[in-house]
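Please read the structure below before turning to the comments.
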2 protein chains.
Amino acid sequence: MESPQNTEEKILDAARQVFHQKGFNGTRMQEIANLAGINKALLHYYFRNKESLFEKVFNETFARITSKMKEIFLSDMALLPKIENFVHFYIHFISHHSYVVHFIINAMYEKPEQLREIIVKQNILPELFLEKIRKQLKDEIGLEIDPLHIYVNILALAIFPVVAKPLLQSIFSLSDDRMAQFFEERKQIVPTFISNALQGYEKSTNVV
Amino acid sequence: MESPQNTEEKILDAARQVFHQKGFNGTRMQEIANLAGINKALLHYYFRNKESLFEKVFNETFARITSKMKEIFLSDMALLPKIENFVHFYIHFISHHSYVVHFIINAMYEKPEQLREIIVKQNILPELFLEKIRKQLKDEIGLEIDPLHIYVNILALAIFPVVAKPLLQSIFSLSDDRMAQFFEERKQIVPTFISNALQGYEKSTNVV
DNA sequence: ATTTGGTTTAACCAGGTGGTCAAAATTAAT
DNA sequence: ATTAATTTTGACCACCTGGTTAAACCAAAT
């Protein structure tokens, strides 16, 4: 968060802020220019057009999220600490960058065609992911269960509350402080919840 | 899904479709008019402006989701069947109206100020909700635990995959058929997962 | 047949939008 | 100091957007 030196960085910083909060359609090039403290024409000098600027921001943001995801899930940690690690990191990161996840999901809805290829370009290694989780579920907990569902469950429990934050906050009339505390609590609650759920399968021979 | 009779319904049907898919900013009045097969000026004859048309659609959509939520959670069913019921209904409903949840969440980000009051206007009775869940957790499972977290967990597991559908589908290269199957499986997997998790608390005296 | 009321339309408007361009300002090279 | 290349700007443009208006249409009542 240093004060950016060159114009390109100033633009990217500004673009990131505005795109994250307002999405592609909600963003005005003029607003980015103002925030970067430069002329609007200069935006188009550094980045051909709105699309390419957005693409740059999206790539960067997406990579930032998935790289940590890869790092954690492909590591050699045991499954449960791994999940704990993951949940900790994401609740922390995401609750300090509240718009990021919404931004990602939003982008998928606003511009699905263009963005599929972007996702493909950054190799997320989803098969490796699932295979690793499957193996760990089997070896460490003795569960032969579809790893995709478990993985999605983990993602859901960690990410959903942050996406739905404004909704939850309105519905349950939670103050900002209470909301921050809520997320803090989840760092402990979610891993416990998942761990309990996984242990619970042991009794029944629930092969899905 | 009958062919709508009067113009007002035609407009609302069209508006719903477009707003759901493209959100407030992404929607063009002209597109709604085209889809409804009428002149654009007629939109403003029936609905003052874009805002009020959007508000109407949002209210309607939001009520449709929350009313069923109220019905299920405030009923006299036992907690676990209640959860099962809820998950079934929502995965079914939402996966057949994929844009709805994204639409709701999106609206909260795009127009948070105006929409808080709308949410307040429809009385969702969140305290009743939580109190009922808290009591059932205690009486039926013997758990003294923050019902908000449990409730959010349930929501997360049911709703998140649908919101993130385009993302998941891209990342894991799932066909539409595989995706439909995936959601079908979740109707069983999610209640089991939750049930396991809740039963798991019994052993430890995990009071949060 | 004419009036009356609501309904629908084509044409239009002001403001905003992404994007361009030629000229000016700045920097680097000779 | 002059030239050349890069960076920055103000003015501008074509297009799109939500919204308006006056006139046309049409059914029912007289």
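Here is how names work: the chains are called A, B, and so on, in the same order as the sequence lines, proteins then strands, and each is numbered from 1. The basis for the numbers below is simple: all heavy atoms, side chains too, and nothing from hydrogens, waters or symmetry mates.
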| Nearest nucleotide by nearest heavy atom, which residue falls closer to the 5' end of DNA chain C, A/A41 or B/A41? | B/A41
| request: For the side chain of A/H44, starting at C-beta, report the closest nucleotide among C/dT20, C/dT8, D/dG19. | output: C/dT20
| query | Without hydrogens or angle criteria, can the side chains of B/N153 and A/R186 be said to hold a donor-acceptor pair below 3.5 Å? | reply | yes
| query | Rounded to whole angstrom units, what separation is found between the CG atom of A/N34 and the C1' atom of D/dT9? | reply | 14 Å
| said: What's A/L43 touching, base or sugar-phosphate or nothing? Going by heavy atoms closer than 4.0 Å. | reply: nothing
| request: Take the protein atom CD of A/Q30 and the nucleotide atom P of D/dT9, then report the distance between them rounded to whole Å. | output: 12 Å
| remark: When rounded to whole Å, the CZ to P distance for the pair A/F54 and C/dG19 reads 14 Å
| Can you tell me how far P of C/dT7 sits from CG of B/N6, to the nearest Å? | 10 Å
| query | With sugar-phosphate meaning primed atoms plus P, OP1 and OP2, does B/N39 contact a base, only sugar-phosphate, or nothing at under 4.0 Å between heavy atoms? | reply | base
| said: Categorize A/F47 for me: base, sugar-phosphate, or nothing, with a 4.0 angstrom heavy-atom threshold over every strand shown. | reply: nothing
| field | B/N49, nearest nucleotide to its side chain (from C/dG18, D/dG19, C/dT7) | value | D/dG19
| field | Nearest-angstrom distance from the residue atom CE of B/M29 to C1' of D/dT20 | value | 13 Å
| query | Within the pair A/T7 and D/dT7, is there a side-chain N or O less than 4.0 Å away from OP1 or OP2? | reply | no
| said: Is A/R28 close enough to C/dG18 that one of its side-chain N or O atoms is under 4.0 Å from OP1 or OP2 there? | reply: yes
| What is the distance from CG of A/L42 to C1' of C/dT20, rounded to the nearest Å? | 14 Å
| Spacing of B/Y46 atom OH relative to C/dT8 atom C1', expressed in whole Å | 8 Å
| Is there a side-chain polar atom (N or O) of B/Y45 under 4.0 Å from OP1 or OP2 of C/dG6? | no
| Would you say the ring centroid of B/H92 lies under 6.0 angstrom from that of B/F183? | no
| field | Heavy-atom donor-acceptor pair, A/K40 side-chain to C/dG18 base, under 3.5 Å | value | yes
| query | Nearest-Å distance, CD1 (B/I32) to P (D/dG18)? | reply | 8 Å
| task | Verify the distance criterion only: is there a donor paired with an acceptor across the side chains of A/Q30 and A/N34 at less than 3.5 Å? | result | yes
| query | Are any of the side-chain heavy atoms of B/I133 and B/K138 separated by less than 4.5 Å? | reply | no
| For residues B/Q17 and B/Q21, is any side-chain donor paired with an opposing acceptor at under 3.5 Å? | no
